Protein chains: 2
Amino acid sequence: MAAEGLGKVTMRRLAKELGTGPASLYVYVAGTTELHAAILDELLGEVEVPASADVRCEDDEEDEEDAAGWERRLIGPLGSYTLLLFRYPGLARSALVARPSGPHYLDLIERVLALLAEGGVAPDRAAWGVDLLLQHATATAAEQTDRDESPVADEEWQAVRRAVHGVDPGRHPHIHVASSRLLSGTPDARFTWAFRALLHGIKHTPVPSDDPSHD
Amino acid sequence: MAAEGLGKVTMRRLAKELGTGPASLYVYVAGTTELHAAILDELLGEVEVPASADVRCEDDEEDEEDAAGWERRLIGPLGSYTLLLFRYPGLARSALVARPSGPHYLDLIERVLALLAEGGVAPDRAAWGVDLLLQHATATAAEQTDRDESPVADEEWQAVRRAVHGVDPGRHPHIHVASSRLLSGTPDARFTWAFRALLHGIKHTPVPSDDPSHD
DNA sequence: ACCTGAACACCGTTCAAGT
DNA sequence: ACCTGAACACCGTTCAAGT
């Protein structure tokens, strides 16, 4: 269906690919956002979400070994999702604006919720946390893909580096002393760290109240 | 300079506003992303970043009271930044793609770094954390502003609600049992919680190593 | 009834021509 | 030299007209 649209998926481009006018697509989808959502869910279905064996270690509290394993298992589906969005520039941006709700996206949510439960995260925190995790994955992908898209990206990145390194020590003392730290780390190392920080925060931050008045 | 461009800031619109052709803008800026970056930094300058009195309580470890106060102080500049992006749809999306590096953005980073240091966050974690915090603020704003932009937003949100509530309990048991929790909470409550989770995670997640080989 | 050509209202960017 | 009109190559969406 959309296996060929590796680049920027657009109404007109897709219509041309199918040898027709752009108006024809509106018979099947309501607009661009719906098209993108459909494609994303289709692609999610093709991704082999690592169906990690359902080994459940029901110890009261997980030890250090288990905590690391839990994190690694969780980074599986979330990493796959991020890499998927990386491959299709523009789709990440769409996913950020219009939260998908297709069946395969629900599979992803289900998987993450299951793993969070395995890790001993309280249900209410897990429910809010899954959103935070997926938003972070989407935002990271949107950031990176669009950066690669333009050839000016490197130049702009250099501008950031120059701005940080050439900062006035009087006005920005903290930036000055942290300049190399601010720019350090590979994208992958940063993603992994951010992911672990999110997990830690989600697990240990209580949701405001059990207020069931909403909804 | 750009005080009137409350809506979608675009090359052609701005050119029309100034009573000239779109080509003229290219004398002053290199392209759309640079224009957006300039506007964002300009707007950041107008925002009164809450210049909280430099009360430094140099106790060895902060007690519960202090921890809450620290979080509240940090949410000041980050909240202002988020609200600013809320007011200018499209600017948040730009900021996500092209990280700003203007002087006022550096002020914001400086402020956040200072507050993180006040809160006893290790310098290397603070350096990576400030990026995570600002990315979250930007992503949240991008998400929301674009949602408001389109009138189909409500309908689409209803689709998500229906998808979550009407889920097959066999295929998605965790979603089924968590359905109301997944949709609960005001945007503000969620933002505050996510923010606190981020802070907690940043403070307690060690950066991979002091590897100074990079850069 | 179902599909679509052509038009409308936008974009960003470039470049040759004007002052 | 500096600015810009007009053109180029795109968008999404609509709607009247065709089959």
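The model shown is predicted, which means the values in this text are computed figures rather than measured ones. Quick note: numbers below take in every heavy atom, side chains included, and nothing from hydrogens, waters or symmetry partners. Labels below follow one simple rule: chain letters A, B, ... track the order of the sequence lines, proteins then strands, and each chain is numbered from 1.
C:dA17: no Watson-Crick or G-U partner with both key distances under 3.5 Å is found in any strand. Using N1 to N3 plus N6-O4 or O6-N4 for Watson-Crick, or N1-O2 and O6-N3 for G-U wobble, each under 3.5 Å, C:dA9 pairs with nothing.
In summary, A:E110 and B:R171 do not engage in a salt bridge, as defined by a charged side-chain N under 4.0 Å from a carboxylate O.
For DNA chain D, the outermost nucleotides in 5' to 3' order that have an atom under 4.0 Å from a heavy atom of chain B are D:dC3 to D:dA7.
Both A:R12 and A:T20 sit near DNA chain C, but only A:T20 has its closest nucleotide nearer the 5' end.
Residues passing the side-chain contact (heavy atoms from CB on, under 4.5 Å) test with B:A117 are A:H174, sequence neighbours excluded.
A centroid separation of 6.0 Å or more is found between the aromatic rings of B:H136 and A:H136.
Nearest heavy atoms, A:V9 versus A:H36: O-NE2, 3.0 Å.
Ring-plane geometry between B:W193 and A:W128 is classed as perpendicular, the angle between the planes exceeding 60 degrees on a 0 to 90 degree scale with a lower cut at 30.
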